[in-house]
Amino acid sequence: MKKCFRSIFRDVRVLKNSLKVGVFDSGIGGLTVLRNALMEFPFGIDFFYFADTARVPYGSKPVATIRRYVHEIFEFFYSIGIDVIVTACNTSDSILTQKEKESLPVPYFSIIDPAVRSIGEIAPANSSVSIIATSNTVKRSLYLRRLFRYDTLSEITQKACPLFVPIIEEGIWEGDMVEAVVHYYLADLGNQRPDFLVLGCTHYPFIRGAIEKSLPPTTRIIDPADFIVLDMKRQLHPSSKEDSTVEYFVSGDTGFFQDVLKRYFGMPGVVKQVDLSRDNIVVRG
Ligand code: DGL
């Protein structure tokens with residue numbers, strides 16, 4: 001079974017009509033990655049977006065629990081015949097080991113690696129970089145460890161902002177409350193004036209306006225969603241000229257997710273509920 005997925009991927013350029021790409025996150029944050037992916041791939045891909053909305057946030061739960069959740073999502077993806085997995089979750093990407101990623105039966109796109117490479121390529125000598133992310137991403141320090149390899153970076157710091165995700169999942173994306181919470185976490189960073197700030201959680205672009213306001217204009221914001229899509233562009237070559245499609249699967253409430261889709265994309269989508277905690281995965285809708 002595992003080999004079969006691999007060989008399908010190698011031949012995918014010529015054999016398949018539409019490529020099946022599974023994109024996942026703990027919640028709505030990964031939509032920021034999906035949006036970019038849809039812009040880059042208007043044709044030839046059937047996207048399957050999984051949001052673990054019943055179990056969000058991932059950022060502050062035990063690592064072993066998140067690892068189990070992520071493997072349940074992968075099993076679900078295999079059950080629907082996914083060709084490629086795109087992680088739209090920095091926390092999951094931080095928690096999975098390199099070995100785990102490489103031994104998956106389908107190719108896996110990391111969100112952290114392409115962002116790190118791009119910073120390494122563009123940062124001039126003596127640059128400072130700050131990463132804001134969930135508590136788990138900060139604890140695992142994958143960004144930090146990877147960025148340390150670049151001599152041009154003289155200072156690398158990271159900061160956990162655990163209240164950002166609950167606020168964003170609550171649908172609060174701007175206004176006084178967002179600004180107060182952003183100020184609470186980022187006031188110090190604004191004084192440090194880093195050259196680059198990495199939005200190390202896919203939820204954070206939802207409050208990018210408030211984050212930008214709290215930083216000096218000289219700080220360049222890096223959204224890893226921009227770079228994972230470049231990686232996909234380099235490696236995925238769908239042959240079909242059919243319009244790309246998206247189907248959404250959520251572990252929580254479908255109505256809530258529909259409302260988010262209407263607000264974020266300006267249109268509803270096909271949203272189904274999935275219960276991953278059972279032995280037999282049950283899809284409703
Ligand atoms: N959006 C995810 C990330 O990029 C997870 C956030 C969370 O559930 O805490 O890390």
Side-chain angles (χ1 to χ4, degrees), residues 22-37 49-74 85-97 100-101 108-116 119 130-146 158-173 178 181-182 185 197-208 211 221-229 231-232 248-253 256-257 260-261 264 276:
V23 181
F24 77 97
D25 182 38
S26 60
I28 66 174
L31 295 177
T32 59
V33 174
L34 181 69
R35 174 142 81 177
N36 282 1
Y49 182 90
F50 183 85
D52 204 355
T53 47
R55 307 191 287 197
V56 64
Y58 279 11
S60 37
K61 294 201 172 73
V63 165
T65 306
I66 304 306
R67 175 171 277 116
R68 176 164 56 80
Y69 291 171
V70 171
H71 282 287
E72 284 174 5
I73 296 169
F74 290 172
I85 292 175
V86 171
T87 178
C89 178
N90 294 265
T91 307
S92 307
D93 201 23
S94 302
I95 285 172
L96 293 174
T97 63
E100 268 176 304
K101 294 173 193 174
Y108 170 92
F109 282 85
S110 158
I111 184 141
I112 294 179
D113 292 350
V116 165
I119 296 167
S130 285
I131 303 122
I132 52 170
T134 67
S135 302
N136 274 333
T137 301
V138 165
K139 255 186 251 156
R140 304 287 287 183
S141 296
L142 191 59
Y143 273 108
L144 207 69
R145 286 184 278 127
R146 296 262 154 95
Q158 53 178 0
K159 174 141 186 128
C161 307
L163 282 178
F164 284 4
V165 169
I167 286 180
I168 294 162
E169 284 288 327
E170 200 54 42
I172 305 168
W173 301 343
V178 172
V181 175
V182 167
Y185 288 115
L197 178 85
V198 181
L199 303 179
C201 169
T202 52
H203 281 76
Y204 296 178
F206 279 90
I207 55 166
R208 183 173 174 146
I211 293 173
I221 295 192
I222 301 288
D223 180 356
D226 295 334
F227 301 103
I228 188 171
V229 169
D231 242 17
M232 290 167 67
Y248 299 92
F249 297 88
V250 297
S251 56
D253 184 50
F256 155 80
F257 203 80
V260 171
L261 291 181
Y264 188 64
L276 297 184

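For reference, positions follow the sequence shown, starting with 1. Indexing begins at 1, ligand by ligand and atom by atom, following the structure's order. None of the values given here were measured: they were computed from a predicted structure. Worth knowing before you read on, the calculation uses all heavy atoms, side chains too, and leaves out hydrogens, waters and symmetry mates.
Across all their heavy atoms, Gly27 and Thr53 have their closest contact at CA-CG2, 4.1 Å.
Annotation: atom 2 (C) of ligand 1 to nearest protein heavy atom, Asp25 OD1, 3.1 Å. For atom 9 (O) of ligand 1, the closest non-hydrogen atom on the protein side is Gly59 N, 2.8 Å. Of the protein's heavy atoms, Tyr58 N, 3.3 Å lies nearest to atom 7 (C) of ligand 1. Given atom 3 (C) of ligand 1, the protein heavy atom at minimum distance is Asn90 N, 3.3 Å. Counting only heavy atoms of the protein, atom 10 (O) of ligand 1 lies nearest to Thr91 OG1, 2.5 Å.
Atom SG of residue Cys201 and atom CG of residue Asp25 lie 7.0 Å apart, to the nearest 0.5 angstrom. With values rounded to the nearest 0.5 angstrom, Arg140 atom CZ is found 11.0 Å from Ser92 atom OG. To the nearest 0.5 Å, the span separating OH on Tyr264 from CZ on Arg35 amounts to 3.5 Å. Between Arg146 atom CZ and Ser110 atom OG the span is 7.0 Å, to the nearest 0.5 Å.
Asn90 and Tyr58 form no side-chain donor-acceptor contact under 3.5 Å, judged by distance and modelled atom types alone. In this structure, a donor-acceptor pair under 3.5 Å is present between the side chains of Thr91 and Thr134.
The residue from Glu169, His203, Lys61 that puts a heavy atom closest to atom 1 (N) of ligand 1 is His203. Summarising the contacts of atom 5 (C) of ligand 1 with Ser26, Ala88, Gly200, the nearest heavy atom is found in Ser26.
Near Pro57, with a cut-off below 4.0 Å to any heavy atom, the atoms of ligand 1 are 7 (C), 8 (O), 9 (O). Listed by atom number, the atoms of ligand 1 under 4.0 Å from Val56 heavy atoms are 8 (O). Less than 4.0 angstrom separates some heavy atom of Thr134 from each of these atoms of ligand 1: 6 (C), 9 (O), 10 (O).
Between the side chain of Tyr204 and the backbone N or O of Ala133, at least one donor-acceptor pair lies under 3.5 Å.
For the pair Thr137 and ligand 1, the shortest N or O to N or O distance does not fall below 3.5 Å. On a distance-only criterion, Val165 and ligand 1 share no N/O pair closer than 3.5 Å.
Aromatic pair Phe164/Phe206: ring centres not closer than 6.0 Å.
Heavy-atom distances between Gly27 and ligand 1 stay at or above 4.0 Å for every pair.
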